[in-house]
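Lettering follows sequence order; numbering is per chain, from 1. Since the structure is predicted, the reported quantities are computational estimates derived from the model, not experimental observations.
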Number of protein chains: 2
Amino acid sequence: MEKILFDFISKYISLTDDERNVLLSLNLFHSVKKGTVLLKEGQKSKDSYFVLKGCIRSYYFVDGEERTTAFYTEMEALTPACALSKTPSGYYISCSEDTLLIISNADMEEEVNSKFPKFDIMCRMFSAELLAKQRIDFDEFKTSSPEQRYLNLLQKRPDLLQRVPQHQLASYLGITPQSLSRLRSRLVKK
Amino acid sequence: MEKILFDFISKYISLTDDERNVLLSLNLFHSVKKGTVLLKEGQKSKDSYFVLKGCIRSYYFVDGEERTTAFYTEMEALTPACALSKTPSGYYISCSEDTLLIISNADMEEEVNSKFPKFDIMCRMFSAELLAKQRIDFDEFKTSSPEQRYLNLLQKRPDLLQRVPQHQLASYLGITPQSLSRLRSRLVKK
DNA sequence: ATAACTCGTTAACTAAAGTTAATAAATGAC
DNA sequence: GTCATTTATTAACTTTAGTTAACGAGTTAT
């Protein structure tokens, strides 16, 4: 479990035993049951999440309807906007599966970063990378049709289709559950 | 001109005169004519862009057709994925207007950051902020119809409708120019 | 065990976007 | 200034997504 974290960090910086121990002393690891809501709309939280095992999901309520916008699975991280801007969250985050998470707090990060400037470097590299990746995801979404987006998802995250309900996938693809169902049956006919 | 940069930086960190002078010595400011292509598909570049005045645009070619995915205007920044991953760029970047830019290079940033760790902190804060903002833009895009996206754009970036051609706006909204034209005439009738 | 919900699918219908083509106005090139 | 190209609009037609409703299978609660 710790190994997963340290392996991940080693992609960016190398740590001394001292630094490892500081991280371990922070009580970052949390095991969370499926269905647990980590963040609610309107809530102010300074927590960030990093998924070690399992899946978390962000969603809005639009006209009383749930609209799923993202799934975060193994090795993916989410810092909600509210953690940076101190404004209430616009969306919910919940666990789609029993999930093993690293939950870190903005204040705690501040403290660790000021003690070990190395972490600033890692965070900078990691967020710049995520920003560019997310930009490309957004671009792909914009430049493709629902059908292409579905096929793209099949290629890139085939696991999601197994682990997540269809109607959540549908809004993740920007369409209704009925459209997704239809689209799928259209594809098998070909 | 320098003032714009330093005002921006002061939102994150405070600089000494020494640090300011190092920045100024780097020859970061560039005045670029409308139509200039800053980055081509397939090209490897380590440059990042920050718009002081004007507008730059990123676009793909899909089946020989230009597909615009983003506009960056005053105080907005773009680090192309290729600058981080050393892979060839998937898209083009060009100037939509005569533009005043800060162009920084990854190697140069590395050097400045190692000399002034403060910059790492600033970059971390700035990219984390952008990441969260872009996430929300993506969420809004997913959860709304082309019409809502257009109305949303009218609210949030009304200037874009004046400074950018319709057909580029259309693909920015994820639709064809014909659909945008129709959508607009549908709206005026209401 | 039954009742109430949720989930995925299908169908019929409506609304809107994609496609193809034609046109006119604006822009740029020579 | 003329010609060619680009841009925005409109129209007719096709395709696909949204909407509403119904159905059965699976789940959950009591």
Side-chain angles (χ1 to χ4, degrees), chain A residues 33-37 55 57 59-68 71 92 94-98 140-154 160-190, chain B residues 33-37 55 57 59-68 71 92 94-98 140-154 160-190:
Chain A
K33 279 263 163 269
K34 175 175 177 173
T36 307
V37 176
C55 178
R57 172 175 74 101
Y59 55 101
Y60 292 73
F61 274 91
V62 181
D63 308 321
E65 297 263 295
E66 234 185 61
R67 305 293 280 274
T68 297
F71 296 102
Y92 292 78
S94 80
C95 293
S96 295
E97 304 172 351
D98 289 351
E140 278 178 353
F141 193 94
K142 269 188 185 170
T143 56
S144 48
S145 65
E147 183 171 315
Q148 290 171 316
R149 297 200 288 258
Y150 174 74
L151 292 170
N152 194 29
L153 191 68
L154 272 180
L160 271 191
L161 285 113
Q162 311 307 321
R163 57 207 294 195
V164 144
Q166 297 282 337
H167 68 282
Q168 291 176 8
L169 268 186
S171 53
Y172 179 66
L173 292 169
I175 57 177
T176 61
Q178 293 89 330
S179 285
L180 177 56
S181 193
R182 203 162 31 190
L183 185 161
R184 285 164 54 106
S185 67
R186 206 162 60 215
L187 285 172
V188 291
K189 277 176 197 159
K190 291 182 186 171
Chain B
K33 280 262 162 267
K34 174 174 177 173
T36 308
V37 176
C55 179
R57 172 176 73 101
Y59 53 101
Y60 293 73
F61 274 91
V62 181
D63 309 321
E65 297 263 295
E66 234 185 59
R67 304 293 280 274
T68 298
F71 297 102
Y92 291 77
S94 80
C95 294
S96 296
E97 303 171 352
D98 290 351
E140 277 177 355
F141 194 93
K142 270 188 186 172
T143 56
S144 45
S145 65
E147 183 172 315
Q148 289 171 317
R149 298 201 288 257
Y150 174 73
L151 292 170
N152 193 29
L153 190 68
L154 272 181
L160 271 190
L161 285 112
Q162 310 307 321
R163 59 206 293 195
V164 145
Q166 297 284 336
H167 68 282
Q168 290 176 9
L169 268 185
S171 54
Y172 179 66
L173 292 169
I175 57 178
T176 61
Q178 293 89 329
S179 285
L180 178 56
S181 193
R182 204 163 29 189
L183 185 160
R184 284 164 56 106
S185 68
R186 205 163 60 216
L187 284 172
V188 291
K189 279 176 196 159
K190 292 184 187 174

- Message: Check this one for me: any side-chain N or O of B:His167 less than 4.0 Å away from OP1 or OP2 of D:dA8?
- Response: yes
- Task: Report the distance from atom CG of B:Asp63 to atom C1' of C:dT19, rounded to the nearest whole Å.
- Result: 13 Å
- Atom-to-atom span, CD of A:Gln166 to P of D:dG24 - whole angstrom: 21 Å
- Task: Using atom CZ of B:Arg186 as one end and atom C1' of C:dA15 as the other, report the distance to the nearest whole Å.
- Result: 8 Å
- Query: Quick one: B:Gln148 CD to C:dA17 P, roughly how many Å, whole number?
  - Reply: 11 Å
- Message: If I take atom CD in residue B:Gln178 and atom P in nucleotide C:dT20, what distance separates them, rounded to the nearest angstrom?
- Response: 10 Å
- Looking at B:Thr176, does any N or O in its side chain come under 4.0 Å of the phosphate oxygens OP1/OP2 on C:dA17? no
- Message: Please determine whether a side-chain nitrogen or oxygen atom of A:Arg182 lies at a distance below 4.0 Å from atom OP1 or OP2 of C:dA11.
- Response: no
- Query: Just wondering, are more than 12 heavy atoms of other shown residues or ligands nearer than 6.0 Å to CD in B:Gln148?
  - Reply: yes
- Query: For the pair made of NZ in A:Lys142 and P in C:dA17, what is the distance, rounded to whole Å?
  - Reply: 16 Å
- Note on the structure: Here the pair of heavy atoms bringing A:Lys142 nearest to B:Ser171 is CD-O, 4.4 Å
- Message: When you measure from the side-chain N and O atoms of B:Ser179 to the phosphate of C:dG18, is any distance below 4.0 Å, counting only OP1 and OP2?
- Response: yes
